[in-house]
Amino acid sequence: MVAAAFPLGLATWRDNRPMVFKYVFIFAVFFRLTAAIAAPPLIAIDVGHGGGDGGATSARGRPEFAFNREFAGVLAGIMRERGQGVREVNFAGDIGRLIARPEQAAGSDFFISIHHDSIDQSWLKPWVWEGSEQTYTEVKRGYGIFVSAQNPDPETSLRCASSIGAMLRRAGFTPSTWHGRRHLAADAENGVWYYDNLVVLYRTSLPAVLFEAGVIKHKEEELELADPVRQARMADALATGIAACLFVTGKSAQE
């Protein structure tokens with residue numbers, strides 16, 4: 001049923017996905033070696049949650065928003081170092097309405113919302129961290145990427161999501177399989193899932209993805225997600241995947 005919501009071109013692209021990724025990797029190398037001839041794309045980076053909504057709480061009691069803002073800053077910095085355009089959305093955590101996030105991103109070429117994942121209460125175990133009662137999990141970890149069939153450009157959204165996932169895997173990161181319990185796979189091998197009713201993905205004029213960098217309720221992965229070296233390596237893979245995808249599609253608002 002979900003596939004029917006996409007244009008015929010998307011099914012054709014999926015059938016030829018190995019060939020597409022061959023070219024994505026070629027262009028990824030190109031981006032690392034030389035500046036793009038055309039004007040760089042403008043990427044809107046949204047920091048998930050904020051204000052009175054801190055999002056999930058990590059195994060050690062840190063709010064998700066803090067993780068989101070930190071990683072989004074690393075990603076923005078790497079993109080700017082490469083000469084890519086960045087539009088910051090909700091970096092101050094002061095946007096309350098979800099619809100206001102894609103509205104602020106209008107005029108960009110691509111929208112990515114940064115998040116960190118949790119897990120259902122039934123899978124959590126209690127523990128005490130620095131005198132405070134917290135909860136953690138041992139069963140779920142890894143990144144996840146979400147796209148919406150209701151996005152105005154689902155083909156580009158999925159192509160870029162798969163490109164990001166492929167680059168993350170190439171860099172040594174592992175996608176979570178747990179999302180398959182609730183979401184239909186868009187490209188499970190690269191950690192991409194359908195989540196149609198996410199406001200930031202379908203109430204927009206842009207191709208868009210929501211990125212879950214990892215599971216902050218997992219005690220070990222929480223520490224990894226806070227490691228600056230790992231953050232930079234993951235952000236580098238995201239930036240490369242987005243740039244390569246948009247170069248292939250020829251999308252740039254700044255041309």
Side-chain angles (χ1 to χ4, degrees), residues 1-7 10-18 20-21 24 46 48-49 55-59 64 67-68 71 98 111-125 135-151 153-202 204 207-222 224-225 230 234 237-238 241-242 245:
M1 293 177 65
V2 176
F6 286 91
L10 183 55
T12 302
W13 171 76
R14 273 203 295 239
D15 291 340
N16 294 279
R17 192 158 52 197
V20 171
F21 285 131
V24 166
D46 169 54
H49 301 287
T57 302
S58 77
E64 179 191 347
F67 286 90
N68 297 344
F71 181 72
L98 288 176
F111 178 91
I112 180 167
S113 186
I114 302 300
H115 288 256
H116 287 71
D117 212 359
S118 185
I119 192 171
D120 290 345
Q121 188 71 28
S122 59
W123 293 97
L124 294 175
K125 297 181 178 181
T135 56
Y136 72 96
T137 184
E138 297 176 330
V139 296
K140 180 185 178 185
R141 62 178 299 157
Y143 74 83
I145 309 169
F146 294 93
V147 296
S148 172
Q150 308 306 317
N151 181 272
D153 190 351
E155 186 172 349
T156 300
S157 298
L158 179 52
R159 182 183 289 114
C160 288
S162 290
S163 176
I164 292 167
M167 290 300 170
L168 285 167
R169 289 176 57 236
R170 187 179 179 88
F173 297 101
T174 303
S176 172
T177 60
W178 275 68
H179 298 299
R181 293 170 175 253
R182 291 187 174 182
H183 302 282
L184 183 65
D187 177 7
E189 182 180 11
N190 289 311
V192 185
W193 308 88
Y194 292 119
Y195 200 155
D196 289 350
N197 62 347
L198 285 175
V199 171
V200 295
L201 297 186
Y202 78 88
T204 179
V209 303
L210 185 144
F211 178 63
E212 298 275 8
V215 183
I216 54 176
K217 274 297 187 186
H218 192 286
K219 285 194 290 187
E220 285 73 29
E221 188 164 47
E222 177 191 5
E224 294 170 9
L225 290 164
R230 185 185 190 277
M234 175 171 270
L238 261 71
I242 293 171
C245 169

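Keep in mind it's a predicted model, so treat the numbers as computed, not measured.
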In terms of heavy-atom contacts, A208 and V147 come closest through O-CG1, 4.3 Å
If we only count heavy atoms from C-beta on, is the R182 to W193 side-chain gap below 4.5 Å? no
Residues in salt bridge (charged side-chain N to carboxylate O under 4.0 Å, His left out) with E220, at least two apart? none
In Å, rounded to the nearest 0.5 Å, how long is the span from CG of D117 to OG1 of T137? 10.5 Å
With heavy-atom distances below 4.5 Å as the criterion, would you say the side chains of Y143 and R169 are in contact? yes
Working to the nearest 0.5 Å, report the span between NE2 of H49 and CD1 of I114. 12.0 Å
Ring-plane angle category for H183 and F146, please: parallel below 30°, perpendicular beyond 60°, tilted otherwise. perpendicular
Can you name the closest pair of heavy atoms from P175 and A188 and give their distance? CG-O, 4.5 Å
Of all heavy-atom pairs linking K140 and H218, the shortest is O-CD2, 3.5 Å
Quick one: CD1 on I242 to CE on M167, what's the gap to the nearest 0.5 Å? 11.5 Å
Can you check whether N190 reaches I145 side chain to side chain, under 4.5 Å on heavy atoms? no
Looking only at non-hydrogen atoms, find the nearest pair between I216 and T57 and report the distance. CD1-C, 4.2 Å
Any side-chain heavy-atom pair from I119 and W178 closer than 4.5 angstrom? yes
Roughly how far apart are F111 CZ and D153 CG, rounded to 0.5 Å? 15.0 Å
What I want to find out is whether R181 reaches D120 closely enough, with some N-O distance under 4.0 Å, to be called a salt bridge. no
Test side-chain contact (heavy atoms from CB on, under 4.5 Å) applied to A213 - qualifying residues, sequence neighbours left out: H116, F211, L225, M234
CD (E224) and CZ (R141) are apart, to the nearest 0.5 Å, by 4.5 Å
Is there side-chain contact between E64 and H115, with at least one heavy-atom pair below 4.5 Å? yes
Nearest heavy-atom pair of T135 and K217: which atoms, and what distance? OG1-NZ, 2.7 Å
For the residue pair P154 and S148, what are the closest heavy atoms and their distance? CB-O, 4.2 Å
Any side-chain heavy atom of V192 sitting closer than 4.5 Å to one from S162? yes
Is it the case that the side chain of N151 and the backbone of L201 share a donor-acceptor pair, with hydrogens and angles ignored and the cut-off at 3.5 Å? yes
OG on S157 to OH on Y194, rounded to 0.5 Å: 11.0 Å
